[in-house]
Protein chains: 2
Amino acid sequence: MPQYVRVEKVRLLVVDDDPPIADLVATVARYEGWEAVTANSGEEALRLAAEFHPDIVVLDLMLPDLDGFGVLDKLRRSGAMVPVVFLTARDGVADRVAGLTRGGDDYLVKPFAVEELMARLRTVLRRSAGPGFQRSVLQVADLTMDEDTREVRRGEKLLTLTPTEYEVLRYLMRKSPTVLTKAQILDHVWEYGFGGRSNVVELVVSRLRRKLDESDDGTAPLIHTVRGFGYVIRQAAE
Amino acid sequence: MPQYVRVEKVRLLVVDDDPPIADLVATVARYEGWEAVTANSGEEALRLAAEFHPDIVVLDLMLPDLDGFGVLDKLRRSGAMVPVVFLTARDGVADRVAGLTRGGDDYLVKPFAVEELMARLRTVLRRSAGPGFQRSVLQVADLTMDEDTREVRRGEKLLTLTPTEYEVLRYLMRKSPTVLTKAQILDHVWEYGFGGRSNVVELVVSRLRRKLDESDDGTAPLIHTVRGFGYVIRQAAE
DNA sequence: CGGGAGCTGTCAAAAAGCTGTCGTACGTCT
DNA sequence: AGACGTACGACAGCTTTTTGACAGCTCCCG
């Protein structure tokens, strides 16, 4: 029997008892063009879920009243089949979570990097959209990044990136041709609460350039410095 | 602006009185692109079967009201010929079940690994599709896995894999060329509830490599490590 | 031409991954 | 029942890779 799935603005419910964290996630999501609401307790989460009908939920497992598992259970009992991405403390209940994530739902350990969370949310959404879901391939000029195979190519040439390089590049590509400040990059790609006082971003960009821009000689560089502001990745535009 | 995408889905009914388990199965199925509903009692199962018209049913034998056998019986009496995969406790009524699994039906012992359950569901569906059903052979480069005969070959050479190795390899092959994290592999291939804190996945991959990649010398390795992320199986790219 | 912003080489600590060894569990065969 | 063989995973040692601090250097821009 044929089915029709409607695709529109993503609705996100963020549940975390720490308001700054919940807001952080909601803000980033809104900036992506999503609709986001936050709840700071289990009760509130259930109430909001019922009236907001989210497409996806970010759920902290450590909640003051009802804990994350309880919320999930009630959510499911009420027939809400929405996918969930869990948040958990470093060495907290990670193992217990594992049992819940086999399905395809996902989880992330706090403190996490915002971009990573968003990437996982997108992946989960993409997968739950139905069979034959689309590959996600980012492209800027002759540079491509396949988010499923993690293959990054400059033209034909396959590049080997470290995790950090990969994340920074993904963020730049996703936002291209917007110029991003070092602070933005730091805030999105590194875990919140990262104490890096130094020039990490410059360092990673430097390494990226060596792999991207010097990969073929003769090709124009793609990562550009906007002095006094930040970086962009795009086809050289004078 | 809304878009409409037409999709054709397998319809699965999951019957288990333990909601987390039922949800687990339903969630996995949905991520495979199926449509799934859950019932937590025999009565509910019958009601849902009547209105949902599933293509396949996962049926726990231990139900509060009417037990699994009763459900099956009523199902069959009502003329529903849907194939059924039973779930049973470790040393439960395994033998009695065996008698019931005539035709295309099958059964699995709890706790199970989700990949194995899905594999069985696919097999049962395939067989129930009619006579002359299709063989299922996975292939990546010169590596083939026949899911019916369980034969795995690298080129001509027949490999002997242990059950765990087989399952890990199947999961990798099925998802190829997507990169999978160790957590994903662990969550899908091991039984839910497995508390493995160690490097089991690395260990199995290591053993697999020895059998696959060093089987013929001179052949390029197929299982690749994506450092900081996970593993893929695919033809070496470049 | 001076100063600040940005770039990059070097290095050491930490993380991630690989594999040998061994004990236990389980199934099978005699 | 006992002996044997296989599979699995805990553990630990070792290797490789990644990361970010530091520092000196360059380059742009006024």
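Here is how names work: the chains are called A, B, and so on, in the same order as the sequence lines, proteins then strands, and each is numbered from 1.
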Enumerate all atom pairs, one protein N or O and one N or O from nucleotides 25-30 of chain D, separated by less than 3.5 Å.
none

Give a yes/no answer on whether the side chain of B:Trp190 brings an N or O atom under 4.0 Å of OP1 or OP2 in D:dC8.
->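 Negative; the distance criterion is not met.
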Run the side chain to side chain donor-acceptor pair (under 3.5 Å) test against [X] and tell me which residues pass, sequence neighbours left out.
| X | answer |
| --- | --- |
| A:Gln139 | none |
| B:Arg170 | B:Glu147, B:Glu167 |
| A:Tyr171 | A:His188 |

Please tabulate the protein-to-nucleotide N/O contacts below 3.5 Å involving nucleotides 4-7 of chain D, giving atom names and distances.
none

Using a strict 4.0 Å threshold on nitrogen-to-oxygen distance, state whether [X] and [Y] make a salt bridge.
| X | Y | value |
| --- | --- | --- |
| B:Glu165 | B:Lys211 | yes |
| A:Asp18 | A:Lys110 | no |
| A:Arg30 | A:Glu32 | no |
| B:Asp213 | B:Arg154 | yes |

How many whole angstroms separate atom [atom1] of [X] from atom [atom2] of [N]?
| X | N | atom1 | atom2 | answer |
| --- | --- | --- | --- | --- |
| A:Tyr166 | D:dT18 | OH | P | 15 Å |
| A:Phe194 | D:dA21 | CZ | C1' | 10 Å |
| B:Ile185 | D:dC8 | CD1 | C1' | 17 Å |

Once each nucleotide of nucleotides 7-14 of chain C is scored for protein heavy atoms under 4.0 Å, what B/S/- sequence comes out, 5' to 3'?
-> BBB-----
Salt bridge (Lys or Arg N to Asp or Glu O under 4.0 Å) with A:Arg126: of A:Asp55, A:Asp148, A:Asp106, only one passes, and it is A:Asp148
Report yes or no: do A:Arg135 and B:Thr178 form a side-chain donor-acceptor pair below 3.5 Å?
->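 No pair is found: no donor N or O on one side chain lies under 3.5 Å from an acceptor on the other.
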Distance in Å, B:Leu222 CG paired with B:Leu208 CG, rounded so as to fall on 0.5 Å steps |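 So the CG of B:Leu222 and the CG of B:Leu208 are separated by 11.0 Å.
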